[in-house]
Amino acid sequence: MSQRPVLLFDSGIGGLTVLREARVLMPERRFVYVVDDAGFPYGSWGEDELTERIVGLFAKLIARYEPELCVIACNTASTLVLEHLRKAFAATPFVGTVPAIKPAAERTRSGLVSVLATPGTVKRAYTRDLIQSFAAQCHVRLVGSENLAGIAERYIRGDTIEPDEVLAEIAPCFVEQEAHKTDIVVLACTHYPFLANQFRSLAPWPVDWLDPAEAIAKRAQSLLAPVQAAWEEPDTAVFTSNEPDFAVKRLMSGFGLALAPMHH
Ligand code: DGL
């Protein structure tokens, strides 16, 4: 039985946090998980170069997989290229992942919210606009972490990570101002939920760590029609490098993903 897939895209393993939720909501669906590991990390790319790269990749991916819908499971990419992708591939619906600033502003009681993201996401006009539109009444601290996405990649591969290196990245999220303290940290990079337990145990005080994965999966589901017949084959993972290492291959098979080559 054929089924047009839902394509999920990230620069690394982060999008798996979204795939996990999407599978819970849509167990009958076929998924293709695309990792632009040859371009990782996205956080430090220039905006024009990154836009060109991702639009070019999608020209190939859409031609090859004819996805019913694409999920850009990456904040660094979504805040930049979502608009370009929608324009370039008007027949394909795209769901993006952008910092959960609106729900954070609705939930905070102290009015102090932090957004933990890559340096790219922190720089985006899109992120500033979200704050202006939805969190003008809050004090929002943007924390652009150079290293956390890489640390999450190492952690998921089974490498040791030092508590101090994680703490150094999250410490700027914790703000105290006139008897008020940060009470929500938005996880605005899909890699970070893999480190949520570390964050919790290292945090100087308890906060809500906001992970938007479920909301993104729900949004994707709301745009899809019910399937005729469940997909019973393994799902597919594609790496732009074509050379994931052993630990990553193991991880993919643990997620029920069979590797397929990326044709350049
Ligand atoms: N997972 C990506 C995000 O949500 C970024 C990781 C990276 O390439 O630095 O922003």
Side-chain angles (χ1 to χ4, degrees), residues 7-22 33-55 57-58 70-85 94-101 103-104 114-128 130 142-157 161 165-166 169-170 173 185-196 198-199 209-217 219-220 237-241 244 248 251-252 255:
L7 191 151
L8 289 102
F9 178 85
D10 185 31
S11 57
I13 48 92
L16 295 172
T17 61
V18 179
L19 175 64
R20 194 160 65 179
E21 298 297 334
Y33 185 62
V34 180
V35 184
D36 185 13
D37 60 331
F40 181 87
Y42 275 179
S44 46
W45 277 70
E47 298 198 338
D48 292 344
E49 294 76 15
L50 189 58
T51 303
E52 200 181 314
R53 176 180 181 85
I54 296 174
V55 172
L57 280 173
F58 269 88
C70 297
V71 179
I72 309 302
C74 173
N75 294 262
T76 315
S78 295
T79 50
L80 181 65
V81 301
L82 212 46
E83 233 177 283
H84 300 272
L85 289 169
F94 284 88
V95 172
T97 307
V98 302
I101 287 165
S114 292
V115 177
L116 185 58
T118 67
T121 300
V122 160
K123 266 187 266 161
R124 303 275 186 258
Y126 195 112
T127 305
R128 311 271 160 176
L130 283 177
L142 291 170
V143 179
S145 165
E146 291 284 347
N147 302 315
L148 263 187
I151 293 173
E153 291 273 336
R154 278 168 38 215
Y155 175 68
I156 210 80
R157 283 173 163 79
I161 56 169
E165 59 177 335
V166 177
E169 304 293 319
I170 66 168
C173 294
V185 179
V186 178
L187 298 175
C189 168
T190 51
H191 279 66
Y192 300 169
F194 282 123
L195 295 170
Q198 275 75 4
F199 294 167
W209 300 93
L210 236 171
D211 174 6
E214 189 187 359
I216 293 151
R219 173 74 187 143
V238 178
F239 287 78
T240 55
S241 71
V248 170
L251 179 69
M252 293 300 138
F255 268 82

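Predicted model, so just to flag it, every value in this text is computed and none were measured. This chain uses plain numbering: 1 for the first residue, then up along the sequence. Note that ligands are numbered from 1 as they come in the structure, with each ligand's atoms numbered from 1 the same way.
Of all atoms in ligand 1, listed by their number and element, those nearer than 4.0 Å to a heavy atom of Phe40 are 7 (C), 8 (O). The distance from ligand 1 to the heavy atoms of Asp10 drops below 4.0 Å at these ligand atoms: 1 (N), 2 (C). Below 4.0 Å from some heavy atom of Ala149 lie the following atoms of ligand 1, by number and element: 6 (C), 9 (O).
For CD of Glu83, the number of neighbouring non-hydrogen atoms (other residues, nucleotides, ligands) closer than 6.0 Å is 12 at most.
At a 3.5 angstrom cut-off on N or O pairs, Thr118 does not count as close to ligand 1.
Summarising the contacts of atom 10 (O) of ligand 1 with Ile72, Thr79, Thr76, the nearest heavy atom is found in Thr76. The option with the heavy atom closest to atom 8 (O) of ligand 1, from among Ala73, Gly150, Ser11, Gly43, is Ser11. Comparing heavy-atom distances from atom 2 (C) of ligand 1 across Cys74, Gly12, Pro41 singles out Cys74 as nearest.
Within the structure, side chain to side chain donor-acceptor pair (under 3.5 Å) pairs that include any residue of residues 10-21 do not occur (at least two apart or interchain).
By the side chain to side chain donor-acceptor pair (under 3.5 Å) test, Glu47 pairs with Arg124, sequence neighbours left out.
A donor-acceptor pair is defined here as one N or O able to donate and one able to accept, closer than 3.5 Å; no such pair exists between the side chain of Thr79 and the backbone of Tyr126.
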**OP:** Report the C-alpha distance between Asp37 and Thr240 in whole Å, list the side-chain angles of each, state the deciding distance to 0.1 Å, and finish with yes or no for side chain to side chain donor-acceptor pair (under 3.5 Å).
**Re:** CA-CA 6 Å; Asp37 60 331; Thr240 55; 3.3 Å; yes
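Here the closest heavy-atom approach between residue Ala149 and residue Tyr192 is recorded as N-CE2, 3.8 Å.
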